[in-house]
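Encoded as structure tokens, the structure appears first; notes follow it.
Residue numbers begin at 1 in each chain, while the letters A, B, ... track the order of the sequences.
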Amino acid sequence: MTQTPTSSVIQAQDLGLTFQTNDGPVHALKDVTLTINKGEFVSFIGPSGCGKTTFLRTIADLEQPTAGTLTVNGMSPSEARKARAYGYVFQAAGLYPWRTIGGNIKLPLEIMGFSKAEQKERCARVLELVELAGFEKKFPWQLSGGMQQRASIARALAFDADILLMDEPFGALDEIVRDRLNEELLKLWARTEKTIGFVTHSIPEAVYLSTKIVVMSPRPGRITDIIESPLPKERPLDIRDSQQFIDIAHRVREGLRAGYDEAAE
Amino acid sequence: MKNALPILTIVVAILALWYVAVIPMNAPWERNQAAMRGDQIAFSQIVTNTMNQDRPVLPAPHQVVREMWNSTVVEEFTGRRGWWRSGSLSNRSLIYHGWVTLSATMLGFLIGTGAGILLAIGIVYNRAMDASVMPWAIVSQTIPIIALAPMIIVVLNSIGISGIVPKAIIAAYLSFFPVVVGMVKGLRAPDAMQLDLMKTYSASGANVFSKLRLPTSMPFLFASLKVGIAASLVGTIVGELPVQQGGLGVRLLSGSYYGQTVQIWAALFAAAILAAGLVGIVGMIERRTLRRMGIAA
Ligand SMILES: Nc1ncnc2c1ncn2[C@@H]1O[C@H](COP(=O)(O)OP(=O)(O)OP(=O)(O)O)[C@@H](O)[C@H]1O
Ligand SMILES: [Mg+2]
């Protein structure tokens, strides 16, 4: 990729975040330095508790870093949030139970002042995208966990922010649906040139989706490897059987294992 | 309707117990009467007599029902002052007194609910109010309303406020508290993620209130409203005692002045029916609202 430095969307320099808890400080993030450029698809992978969610939340201005600097679209995370620069998909679906699926998707649109007609049009479009057309009038409890998760993705897509932050969005889905949504997500990304930050526990998923894979390890949460994917932008599902794919997956696994060994010492 | 049978069983059991209790409660008077006449009285005679005394210690259920019938339908349709002949409700009828009580109850309930909701919003959004209002609200509820009611009425009277308003204020005084407690809890019910979501949209305070806090507070609010409306009725009845301008409270008091136990019990039942009706209506609105919100399917 040929990208000039000015096209960096997210820039973290020596970022640290320490939670003060009753059992003493927890170093959720330490010395995280990472640049995410416009249009990149970046996956974060690492064992539970390594700070993936915390990093995403820091970008979203839901947590405040205790060290280092972080800019989003050249602004502070707080300014970026106020400019509604990103859509966020939480680790759990978190739909409002008193709103229908359609109502949940229209929630950000209402808040951001879209017209009624536009709300309707966008709601239908994103529901189509996550294959939930026809479920608009259902309440969340009438849907399976996976369907709820898809609805929450639709909600984040509805207002078309340039940055999409997704925290294990497909964790609750079965393999087949996951494959299909992965493909859909890639198509969406190619079409819209959004910048995507994506947390996952699945190595194949990370390799299949990403232009950049960030491997993290816990205690303290830090980056152990950053892999620029050589895979082409066009990715049919069977690219996962190619040697290139297997090599990258191998490198990710090695990185994860190294993190585990270190943590065990 | 499948729970009609258990309810019916309980009602029958209570009625049976009541009838059984009527006999020993009212028997001493019958025995006294007989003794004064220098007579003996058979037990079977006692049983029949105790069921139909004029001023029983404990009136029998059918006496109460008859009194309620007489002081509603019969009074309004055949009484000289009844609605049928005079065009206005008779001041001897339970319908009239029930209406007086109901109107003050409703006004008090509206004031109490409104004040309760406003206080709750203040407590949730304002640190100073959070620290200061709740202790006073709790203290306010520890003062016996029976002691406070006459003072409220006297004070309001002295500044020229009388009629329905003082009673409604007393009703509001009792009903605002459950609303404050429930509403504070409800407005604070959103979990961290629901709040974070609003933050990612950079939603305004007004939006967070109307689209998140208010909806989550609804189940809490309705639970409080049911307690509140019953408390409001109690407050109104207590407020009616010193005023003596109609209402079920007045019927209760005048009944006890003149030893009219049947009248007391009839007024008591009228109040109970009113309370059940009011709570039932709130419950109906609750079910409708929550069903529309997809809760409690
Ligand atoms: N609000 C908080 N207060 C205190 N400690 C926290 C808080 N949030 C996270 N942590 C700690 O920070 C560390 C990183 O947590 P984080 O949720 O970012 O992990 P994660 O990589 O997302 O894990 P998982 O894969 O299980 O979701 C953990 O040790 C966690 O206990
Ligand atoms: Mg996480």
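- Here the closest heavy-atom approach between residue B/Y201 and residue A/R84 is recorded as O-NE, 2.7 Å.
- For the pair A/W98/B/T216, a side-chain contact is recorded, criterion being any heavy-atom separation below 4.5 Å from C-beta on.
- Nearest approach of A/K82 to B/S202, heavy atoms of both residues: CA-OG, 3.6 Å.
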Worked check of side chain to side chain contact (heavy atoms under 4.5 Å, CB included) between B/L197 and A/L107: CA-CA 10 Å; B/L197 185 70; A/L107 175 70; 4.2 Å; yes
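- The shortest non-hydrogen separation linking B/M198 to A/I111 is SD-CD1, 3.5 Å.
- Both the backbone and the side chain of A/A92 come within contact range of chain B, with heavy atoms under 4.5 Å apart.
- Ranked by heavy-atom pairs shorter than 4.5 Å toward chain B, the options A/F159, A/Y88, A/F90 are led by A/F90.
- Chain A forms more heavy-atom pairs under 4.5 Å with one residue of B/D191, B/N207, B/L212 than with any other, namely B/L212.
- Around CD of A/E128, the count of heavy atoms belonging to other residues, nucleotides or ligands within 6.0 Å does not exceed 12.
- Taking OG1 of A/T100 as the start and CZ of B/R292 as the end, the distance is 13.0 Å to the nearest 0.5 Å.
- Most heavy-atom pairs under 4.5 Å with chain B, from the set A/K138, A/M112, A/R155, A/Q91: that is A/R155.
- Of all heavy-atom pairs between B/K199 and A/R81, the closest is O-NH1, 3.1 Å.
- Residue A/Q20 places its CD atom among more than 12 non-hydrogen atoms of other residues, nucleotides or ligands, all under 6.0 Å distant.
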